[in-house]
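First the structure, in the form of structure tokens, and then the observations on it.
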Amino acid sequence: MFDLGIINGRVYFGKEYRVTNVYVKAGKIAEISKELFECERVLDATKKIVVPGFIDSHVHFALKVGEFESADDFESGSKTAAYGGITTFLDFTDPIFHHDEFRDALEKRKKEAENACIDYSFHATVGDFKGDPDVLKILCKAEGINSIKVFTTYSESNRRCSYEMIEKLFDEEMTLMAHCEEEDLLKKRWESPATYEKARPVMAERSAAMHMADIAERRKSRLYIVHISSGSTLDMIKLKHPAQIGKSIFLESCPHYFYLSDVKLSNIDGNLYLLTPPLRGGKELMRLRSSIGLIDTISTDHCPFMSEEKMKYDMAYQVPMGIGGVEHSFPLMFNLFGDAIIPKFTSKPAEIFGLKNKGEIKVGKDADLVIFDSSLSNTIKESHSKADYTVYEGLKIRGKISATISRGHIVMENDQFFGGQGQFIRR
Ligand SMILES: [Zn+2]
């Protein structure tokens with residue numbers, strides 16, 4: 001007898017769908033068969049698709065930013081993520097400046113994440129790092145962390161890491177994640193939302209991305225560029241490093257860069273759309289869409305704040321940066337790109353970040369599954385985030401998450417939330 005059977009769905013196996021049944025035992029996918037077996041619980045997925053649970057490799061729950069704290073903690077953040085079909089998220093440690101700080105920084109975040117309803121791991125984040133990069137790598141590996149995040153900007157908050165140190169942080173067995181904006185090309189102060197895009201121009205992103213890609217190629221190491229906001233950055237990486245893309249240079253983008261342009265920033269509520277890097281002009285947005293094939297992963301950089309907090313100050317640099325996104329990420333991107341988007345939410349992030357038991361529907365893998373009804377039309381009204389607004393409100397999209405299953409446990413079904421118990425995943 002199986003614990004759970006998902007019956008009659010069109011099950012996604014990478015290159016094709018097959019109508020079959022997926023059976024779960026003790027949190028794992030135990031059998032995939034057209035035969036009917038006895039199960040304690042059955043979910044009928046007739047006319048729906050069954051895909052691996054989604055992985056969001058870039059979220060910020062319970063993040064303190066100056067006087068503000070992001071609206072979602074791990075409990076509400078993982079809940080709204082589960083409504084979006086996400087079964088694993090990767091968050092970050094607070095920035096550390098010396099290798100001695102790593103263990104405490106990781107323990108702190110693990111403790112904060114204990115009540116997450118889906119699985120999780122963390123990237124180690126460094127600021128203006130002055131410790132021993134090799135010792136840090138050893139400590140990370142010992143704790144099951146195989147990715148380190150660096151910033152090429154934000155020296156005002158002591159987070160900018162020098163290129164000399166970045167060079168040493170690269171490692172053949174780990175993935176270096178980089179926030180790419182060339183600090184010297186940014187204007188930082190006294191910009192209104194309307195001029196914010198020009199203050200953090202595409203050129204700054206492109207320049208830092210090329211710089212990082214050159215180092216990665218020289219070091220023969222793995223680079224992951226987070227939240228690429230512009231098509232021209234992608235095209236430039238393709239021009240200069242065609243052989244590395246998807247093999248040792250990995251590229252991430254987020255739904256907002258595919259849906260929203262900087263026009264939003266000129267509106268009276270422009271503050272609500274402030275995030276880093278900024279929303280771009282329409283041409284960059286269209287170029288990003290047409291270069292989707294170069295993108296390895298879609299993440300959200302989920303970091304919403306309450307609208308009152310976003311609107312509190314007039315100058316862009318005073319506004320807490322970030323928006324929400326986990327709940328609508330997959331349906332939004334599926335609407336634009338169909339099946340081609342699925343690996344960017346599943347097998348690709350699993351492969352890049354070493355989530356060995358995730359990202360695929362295969363016997364022996366974790367039973368992280370999503371039932372998705374692509375026939376339902378749906379207007380985005382709200383989300384289950386604690387934030388009081390979503391930038392996608394009013395968008396009409398096709399498709400809805402019917403159920404989210406984490407290691408065999410139904411976390412959400414037909415809009416009803418059942419909770420769950422996430423685990424820290426060693427990578
Ligand atoms: Zn981020």
Side-chain angles (χ1 to χ4, degrees), residues 54-66 68-74 77-78 80-81 84 86 88-96 105 109 112-113 120-127 145 147-161 166 175-181 183 186 196 200 204-205 208-209 212 223-230 233 250-258 260 273-280 295-305 310 316-317 319-329 344-345 349 352-353 385 387 391:
F54 306 134
I55 298 161
D56 192 326
S57 330
H58 186 163
V59 303
H60 301 280
F61 298 148
L63 181 71
K64 283 201 175 65
V65 183
F68 304 104
E69 183 159 350
S70 63
D72 283 315
D73 54 20
F74 284 87
S78 64
T80 178
I86 293 164
T88 307
F89 64 86
L90 306 180
D91 203 305
F92 298 81
T93 69
D94 294 336
I96 58 165
R109 292 300 269 171
E112 289 170 351
Y120 52 88
S121 179
F122 299 95
H123 309 290
T125 305
V126 301
I145 301 293
S147 43
I148 298 177
K149 162 100 178 275
V150 298
F151 299 92
T152 60
T153 180
Y154 296 134
S155 58
E156 70 278 14
S157 53
N158 213 20
R159 283 181 287 169
R160 182 187 190 180
C161 191
I166 286 173
T175 301
L176 194 86
M177 302 177 85
H179 172 121
C180 292
E181 283 183 295
E183 177 151 295
L186 304 177
Y196 176 66
R200 303 189 84 99
E205 174 178 80
M212 291 297 300
L223 168 68
Y224 178 99
I225 302 179
V226 296
H227 52 47
I228 293 175
S229 64
S230 61
T233 298
F250 305 102
L251 309 172
E252 173 196 275
S253 191
C254 318
H256 41 267
Y257 298 121
F258 291 84
L260 305 166
Y273 297 84
L274 283 174
L275 52 103
T276 311
L279 298 175
R280 302 302 184 186
I295 293 282
D296 293 289
T297 66
I298 299 294
S299 305
T300 57
D301 202 1
H302 182 91
C303 191
F305 294 87
K310 294 287 274 193
Y317 83 92
V319 178
M321 289 292 157
I323 58 167
V326 281
E327 188 159 336
H328 307 297
S329 178
K344 303 181 200 303
F345 280 83
I352 294 168
F353 292 111
S385 161
V391 294

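Every number for a ligand or one of its atoms is a count from 1 in the order of the listing. Excluded from the calculations below are hydrogen atoms, water molecules and symmetry mates; all remaining heavy atoms, backbone and side chain alike, are included.
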Using ring centroids (six-membered ring only for Trp), state whether F61 and Y120 fall under 6.0 Å.
no

Flag side-chain contact, heavy atom, 4.5 Å: I166 against T152:
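SC-SC contact between I166 and T152 confirmed.
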
Which atom name would you report as the N, O or S atom of D301 nearest the Zn ion (ligand 1)?
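Going through the N, O and S atoms of D301 one by one, OD1 ends up nearest to the Zn ion (ligand 1).
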
Looking at F122, is R109 sitting on its ring face, NZ or CZ under 6.0 Å from the six-membered ring centre and within 45 degrees of the normal?
no

Do you see an N/O/S atom of C303, backbone or side chain, under 2.8 Å from the Zn ion (ligand 1)?
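Looking at C303, which is the residue asked about, there is no N, O or S atom under 2.8 Å from the Zn ion (ligand 1).
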
Does H179 put an N, O or S atom under 2.8 Å from the Zn ion (ligand 1)?
no

Where is the tightest heavy-atom contact between I295 and E252, given as atom of each residue plus distance?
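Shortest heavy-atom contact: CD1-C, 4.3 Å.
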
